[in-house]
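Structure, as structure tokens:
Reminder, nothing fancy here: chain letters follow the sequence lines and each chain counts from 1.
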There are 2 protein chains.
Amino acid sequence: MAAQFPSETPRAASPLFLREPEIRRGIELLYFGYSHLLRGIDEGLASQGLGRAHHRTLYFIARQPGLKVSDLLRLLGITKQSLGRVLGELTTRDLVETRTGEVDRRQRLLFLTPEGKALEAELFESLREKLSAAYAQAGQGSVAGFWQVLEGLIPAEERKRVAALQREG
Amino acid sequence: MAAQFPSETPRAASPLFLREPEIRRGIELLYFGYSHLLRGIDEGLASQGLGRAHHRTLYFIARQPGLKVSDLLRLLGITKQSLGRVLGELTTRDLVETRTGEVDRRQRLLFLTPEGKALEAELFESLREKLSAAYAQAGQGSVAGFWQVLEGLIPAEERKRVAALQREG
DNA sequence: GAAATTGGGCAGCCATGTTGACGTATCTTG
DNA sequence: CAAGATACGTCAACATGGCTGCCCAATTTC
């Protein structure tokens, strides 16, 4: 299951890249990298009076139009009360609309309005610029490694849900 | 500067790995991967009545013992009022202590107490387990790529500060 | 040595998460 | 068809972790 370990350090049980400095480096790069990626969209959000919670919601609805409230709750990992407030604000601003499910009329299916799509696209553009610059600078092979490590951080159960986003995108 | 691009798609200006699905994949893996990495320490923090903001503070003080409040402010990218509250709580709980700077007596130099070091070590252990499992599963080459991409997300100016953490670690 | 700069701190507000309890419409099942 | 389960919404109260505004003390500068 685990990768083969080079054994250049006979006195150590772990290869060099599993030692504390390399772990700390990963933690720090994740923290700073992710922070800077998101920092770019705050301005665009603030201009609409929205926050990051609203962005995450817009993002996933854009990704899976017609998803149910319960699907979104599982993806975001928050309570329905928290999501309810965010969804309410987005609906009031005509960025999100709900339609009653046809097979099960208790369900509310979530969609972006044209305005919502436009805002999501604008915010995505900021993320795209930063991440694609990082991808291009690092090269294709590095991007594959980047994905590999991050996938390993996600529990198997949830990895399915994340992979499902790709298929529908 | 940029890596060589394979040109399997002559009709596209960008290589495949710079297209929207690959960008969205990176965004999603970062979001879910980082979320799960951090989720593991919440329990340990809650048992002490602390939150993630406290952890970040403990982490960086552990990383650079004796750093100034202003150094920490730059690293965290928050306001000194926000940090002040966190530092106050950590000091009250005897996890952090400050010493007056010798060259400039306005400065407060930050250190972890033995209890603070023990807590930071415990929290780090949880992060280490998860990240080293992901590293091992992905392999050394993937880890290098992971670092490469994340570095590209950090503005050059700040990259220096992040790199400095490694030297002192 | 007065003024400006710098390091730090306190008070109070806002965004966004939490729990708990409850209401209502709809679907499912005995 | 009655009973229970499910999907969603909502009210109230509260915690965390950001923020701005204002203030004090120490140092540097002119």
Is the CZ atom of R105(B) crowded by more than 12 outside heavy atoms at less than 6.0 Å?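 Counting neighbours around CZ of R105(B), 12 or fewer heavy atoms of other residues, nucleotides or ligands fall under 6.0 Å, so no.
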Output the rounded distance in Å from [atom1] ([X]) to [atom2] ([N]).
X: E89(B); N: dT16(D); atom1: CD; atom2: C1'; result: 9 Å
X: L90(A); N: dG9(D); atom1: CG; atom2: P; result: 13 Å
X: L45(A); N: dA15(C); atom1: CG; atom2: P; result: 13 Å
X: L72(B); N: dG18(D); atom1: CG; atom2: C1'; result: 15 Å
X: L110(B); N: dG7(C); atom1: CG; atom2: P; result: 14 Å
X: R39(B); N: dT18(C); atom1: CZ; atom2: C1'; result: 14 Å
X: H55(A); N: dT16(C); atom1: NE2; atom2: C1'; result: 16 Å
X: L73(A); N: dT6(D); atom1: CG; atom2: P; result: 16 Å

Which of the following nucleotides, [options], is nearest to the side chain of [X]?
X: R56(A); options: dG8(C), dG17(C), dA26(D); result: dG17(C)
X: R85(B); options: dT18(C), dG18(D), dC8(D); result: dG18(D)
X: I78(B); options: dG8(C), dC19(D), dA26(D); result: dC19(D)
X: D104(B); options: dT27(D), dT26(C), dG9(D); result: dT27(D)
X: Q107(A); options: dA7(D), dG8(C), dA26(D); result: dA7(D)
X: S82(B); options: dC19(D), dG9(C), dG9(D); result: dC19(D)
X: R52(B); options: dG17(D), dG17(C), dG9(D); result: dG17(D)
X: A53(B); options: dT27(D), dA5(D), dG18(D); result: dG18(D)
X: T79(A); options: dA26(D), dT19(C), dG8(C); result: dT19(C)

Please tell me whether Q166(A) and R63(A) have a donor and an acceptor in their side chains that are separated by less than 3.5 angstrom.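 A donor-acceptor contact under 3.5 Å links the two side chains.
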Can a donor-acceptor pair be found between the side chains of Y59(A) and E28(B) at a distance below 3.5 Å?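 Yes, because at least one side-chain N or O of Y59(A) sits under 3.5 Å from a partner of the opposite role on E28(B).
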When you measure only distances, ignoring hydrogens and angles, does the side chain of Q81(B) come within 3.5 Å of the base of dG18(D) through a donor and an acceptor? no
Check this for me: does the side-chain of K80(B) come within 3.5 Å of the base of dG7(C) through a donor and an acceptor? no
First of E102(A) and V86(A) reached from the 5' end of DNA chain C, by closest nucleotide: V86(A)
By nearest nucleotide on DNA chain C, pick out whichever of S70(B) and R105(A) is the more 5' one.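 Of the two residues, S70(B) wins.
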pair L112(A)-E120(A): side-chain heavy atoms closer than 4.5 Å: yes
Output yes when at least one side-chain N/O atom of H54(A) is less than 4.0 Å from OP1 or OP2 of dA15(C), else no. no
R106(A) side chain N/O closer than 4.0 Å to the phosphate oxygens (OP1, OP2) of dC27(C)?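 Indeed not, no polar side-chain atom of R106(A) lies that close.
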So G51(A), base contact, sugar-phosphate only, or nothing? Heavy-atom distance under 4.0 Å.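 Sugar-phosphate, backbone atoms only, no base.
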For G77(A), answer base if it contacts any base atom (sugar-phosphate contacts may also be present), sugar-phosphate if it contacts only those atoms, and nothing otherwise; contact means non-hydrogen atoms under 4.0 Å.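 Contact class for G77(A): sugar-phosphate only.
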Do the numbers put R56(A) on top of the ring of Y31(B), so that NZ or CZ is under 6.0 Å from the six-membered ring centre and no more than 45° off the axis? no
Looking only at the aromatic ring of each residue, does the gap between the centers of Y34(B) and F32(A) stay below 6.0 angstrom? no
